[in-house]
Amino acid sequence: MKLNFRKTEEYFFRLVMLACTVVIVAALLVIIFSILKRGLPSLSWEMISQKPKGGFYFGKEGGILNAIMGSLYLAIGATVIAMFVGVPVALYMNVHILKRKYMVNTMRFLLDLLCGIPSIVYGAFAFTIMVMIGLRTSLLAGMLTVAVFIIPIIIRAMDEVLRTIPRGLMEASLSVGATKGEVAYKIFIRQSFPGLVTALLLSFGRAIGDAAAVLFTAGFTDNIPSSLTQPAATLPLSIFFQLGSPMEEVKNRAYAAAIILTLIVLLLSVASRYFSRRYKKHSIKF
Amino acid sequence: MSETIKINIRDLNLHAGKNHILKNVNISVPKNKITVILGPSGCGKTTLLKTLNRLTDLNPEIRVTGSIQIDEEDILHTTSDIHDIRKRMGLLSQRPYPLPMSIFNNVAFGLKISGRRRKKILHKRVEHYLRQASLWDEVQHRLREPAISLSIGQQQRLCLARGLAVDPDIILADEPTSALDPVSSAAIEEKFIELKNNYTIVVVTHILRQARRIADHVVFMYMGEVVEQGPAAEILHNPQMEKTRQYLNGAFY
Ligand SMILES: Nc1ncnc2c1ncn2[C@@H]1O[C@H](COP(=O)(O)OP(=O)(O)O)[C@@H](O)[C@H]1O
Ligand SMILES: [Mg+2]
């Protein structure tokens with residue numbers, strides 16, 4: 001009797017899991033399929049090699065090179081800035097103040113809150129500051145805003161990897177005379193290298209896919225920015241503007257732009273996986 | 001034969017928050033001998049070793065009072081650099097923690113951070129210490145491979161080589177064989193007996209037979225207190241205290 005119940009229970013939960021998986025995979029396939037179906041026919045060399053000509057959003061020629069370059073500059077810049085701020089914080093939390101549990105836990109809580117704030121709030125906040133100090137929309141302002149909103153993501157992603165490192169590794173390092181700084185930057189960084197790559201990838205994806213934070217801060221332009229003080233276009237906004245067009249042809253181009261955005265993230269993900277595997281072999285498994 | 005005292009622990013008390021973990025501990029560790037710290041699990045052996053290495057500094061909850069004299073210097077109250085103090089003691093833990101790098105760099109790490117970077121010298125030193133840990137023959141052709149590609153027993157010997165490489169005069173070992181197979185355990189024990197000519201060795205164990213095999217000096221601890229200490233023959237064969245006798249007879253672990 002008891003066994004029978006457990007069998008049914010097992011069967012039921014397996015069914016639930018299977019159903020969830022099917023729904024998720026199906027939804028993903030539908031999204032990818034519909035993007036491809038509408039976007040592929042409009043995808044052309046012109047799209048990725050040219051800036052928009054006048055009247056692009058009403059069906060004239062041109063491409064979205066402005067948005068591709070703008071997005072790449074912005075996402076790479078923001079990720080690099082966020083890395084140089086975020087990684088030291090994560091290391092500090094897990095090496096230097098590890099045992100001040102109250103402090104570390106408070107920081108984790110606050111960072112989780114920050115991760116949950118919609119990016120438009122960061123955008124609006126940055127915009128307020130920009131107005132106050134008389135700054136116009138620019139690549140730099142966009143980079144900094146995006147960096148600020150992905151910093152908590154990088155910190156928490158790194159933190160989750162670093163906190164799995166057992167104390168024994170730190171004690172072993174200290175016992176040969178290492179300072180805490182050396183433990184952080186020579187041992188923990190190596191040990192968590194695959195995690196660092198994942199954290200950067202995650203935040204790069206968020207940075208390049210975000211429209212709200214850059215709307216007020218980076219602005220939009222048909223040109224490729226040639227300096228940090230010029231405004232920059234971004235792919236998500238480019239998609240948004242093209243989708244807003246009344247013309248079917250332009251709307252389809254938005255889907256083509258979405259394909260390009262997805263491909264950029266995909267390429268980067270494959271490259272970084274290859275890159276991190278080469279380092280992974282040294283990581284100690286606990 | 002008169003013996004020199006290498007480590008002299010006086011009135012050591014350690015509190016972690018409200019817990020009184022080490023209580024009025026007084027221990028004299030003789031130089032160039034193997035001192036075995038015996039005691040049931042949870043009696044504070046690991047904590048005592050970490051105090052010797054000042055790893056207890058990491059935990060702000062822990063308060064330590066008393067003194068630990070090593071070569072006449074009180075390492076608890078000293079102006080010496082904490083990192084130099086730690087380098088004077090090699091540490092082996094319950095299970096090996098190799099560093100996430102190659103076999104070679106594991107041994108070279110301590111040397112490199114102390115500023116010795118000349119390739120030729122590094123290579124010589126690394127070979128020397130790997131030989132000292134009886135690992136050279138097994139790894140000489142795979143020095144660039146990750147340390148985790150070694151077996152657990154080899155990893156523990158690598159950790160020994162890494163500890164020796166910073167030129168300590170004390171070796172602290174916390175149940176160094178508890179994760180190892182019998183062959184690797186025997187290798188570590190033999191190594192200790194060989195190394196004691198040049199090093200002062202403190203081994204924590206709860207394996208009585210191991211204590212009988214390697215100990216010159218025995219400290220028996222119970223519930224954070226030192227019950228009895230002295231030459232191995234006396235403590236292991238003719239203990240004065242009832243608690244020690246019970247423990248040796250296997251009344252509790
Ligand atoms: N940081 C700490 N905070 C509170 N209690 C601790 C801490 N570290 C160890 N203890 C306690 O101190 C006692 C001794 O632990 P330990 O030194 O690991 O014993 P042993 O190595 O002899 O098994 C145990 O009761 C343990 O729970
Ligand atoms: Mg212990």
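Side-chain atoms are counted along with the backbone in the values below, which use heavy atoms only and exclude waters and symmetry mates. Naming: A, B, ... by sequence-line order, numbering from 1 per chain. Given the structure is predicted, the values throughout are model-derived calculations rather than measurements.
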Greatest number of heavy atom pairs closer than 4.5 Å to chain A - which of B:Gly163, B:Gly90, B:Pro146, B:Pro100: B:Pro100
side-chain contact (heavy atoms from CB on, under 4.5 Å) partners for A:Val16, two or more places apart: A:Phe12, A:Cys20
Pull every donor-acceptor pair under 3.5 angstrom between chain B and chain A and give the atom names with distances.
| from | atom 1 | to | atom 2 | distance (Å) |
| --- | --- | --- | --- | --- |
| B:Lys50 | NZ | A:Glu171 | OE2 | 3.2 |

Reported CG-to-CG distance for the pair B:Leu58 and A:Leu98, which is rounded to 0.5 angstrom: 8.0 Å
Chain A interface, residue from B:Leu99, B:Ile82, B:Val166 that has the most non-hydrogen pairs under 4.5 Å: B:Leu99
Using a cut-off of 6.0 Å, state whether more than 12 heavy atoms not belonging to B:His77 lie near its atom NE2. yes
Examine whether an atom of B:Met101 lies under 4.5 Å from a heavy atom of chain A, and if so say whether it belongs to the side chain, the backbone or both; otherwise answer neither. both
